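Presented below is the structure to which this report refers.
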Amino acid sequence: MGRNILHCDMNNFYASVECMLDPSLKGIPVAVCGSVAERHGIVLAKNYPAKAYGVQTGEAVWQAKSKCPGLRVVEPHYDEYVKYSALARGIYSRFTDMVEPYGMDECWLDITSCEKLFGPPEKVADIIRETVKFELGLTISVGVSFNKIFAKLGSDLKKPDAVTVIAEDSFKEKIYGLPASDLVGVGRSTERVLAGAAIKTIGDLASADPRMLASKLGKNGLALWNFANGRDESRVARAGESPPVKSVGHGTTTVKDMESDGDVWPVILELTQDVGRRLRDIKMMAGGVAVNVRDSNLVCRQWRTPLSIPSTSAEVIAAAAFGLFHARYRWELPVRSITVGTFNLVPEGAAYAPRLWDNVELAERRERLGHCIDDIRRRFGKNSVRNCILCMPSTLPPEHAEIVMPTGMPC
Ligand SMILES: [Mg+2]
């Protein structure tokens, strides 16, 4: 039996919440930006009037203001976003228990079995859209389809406050003329590879030779070919079923640009304190470390390295991240922000194959030290134990929060 899947996307989520809470913002161009004082001065979200001036997510506040001099800049209120995100999920869960969040503002719903209760899928989509608008004062776009990929595509087609159906018997006419980059999983680099093979639309992708796609894009190429042909069997998770954590990371924009390795090291070490603790909290160890650097021109670069012995130790992760940075960054420009991430997570205590020259005993002592430090910090406060170098004045902002873009993508 065919499935009925909805994808609900809250329109301009952060900006809509701000405009709903402060009526003086209605109808004027608004951008939600990280604190300018702490130099997280990037546009995180904007409303439609700001979009009409060409304001873009991810650009610096000054760029946005030069396009739109009347732009009202407001600071983000994450607690409100969390609250309204949960309220929307609460509304969705009146219709089905299969509600799978994707970032803070998007959810998939499997409503296959609720036809008898609420009517056909497009009607359910409409009721949900109206309920969210009435109860929360926020608009959503809903895509209705027979799989998750096309439901998500549908919610992007008409915005705001709209329902789009992509049906199993007519999806080709509806979407084969759209650019391939509209499909989930086609990022900029994939788009370039596809363009190199003269694949511009979703239709081109569907009719391409899967072997050619696999040779250019590996597993991902085959998955995209299946998606374009309407073959996506992935199921919608049940509410409360959390997907396994695949990475843990932490990032910050410093109050002053970093200009030397000496500026960068304490920042990396501070960030990894948090990464190590969060890994230990979820009882996982990092099998690899990534460092993401953004220079003063806001150009990002990322490097990754595996760890021969999985670890949660802040010092081990920091040393790996700094090693990557030191070896690869050329210092043509000062550094504005750094994110340290971990990947290839393995459960605590999982078996691994050390190399002959690895000091396993030292690694185990470092793990115990991490737990010990967590324990002291739990009892006596976060700053009760600190690395000596972190007691010196630094370029870190007071409470260095990670900036997360509205799509859930760390910036
Ligand atoms: Mg959205």
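Predicted, not measured: the structure shown is a model, and the values here were computed from it. For ligands, and for the atoms within them, numbers begin at 1 and follow the listed sequence.
Here Trp108 and Tyr92 keep their ring centres 6.0 angstrom or further from each other.
Taking the Mg ion (ligand 1) as reference, Asp9 places its N/O/S atom OD1 nearest.
Closest of all the heavy-atom pairs between Phe118 and Val124 is CB-CG2, 3.7 Å.
Note on Asp105: counted as a metal contact of the Mg ion (ligand 1), an N/O/S atom lying under 2.8 Å. Not one N/O/S atom of Asn12, from backbone or side chain, sits under 2.8 Å from the Mg ion (ligand 1).
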| request: Report the C-alpha distance between Asp257 and Val335 in whole Å, list the side-chain angles of each, state the deciding distance to 0.1 Å, and finish with yes or no for side-chain contact (heavy atoms from CB on, under 4.5 Å). | output: CA-CA 6 Å; Asp257 283 345; Val335 171; over 6 Å; no
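Between Thr252 and the options Val340, Ile338, Val267, a side-chain contact (heavy atoms from CB on, under 4.5 Å) holds for only Val267.
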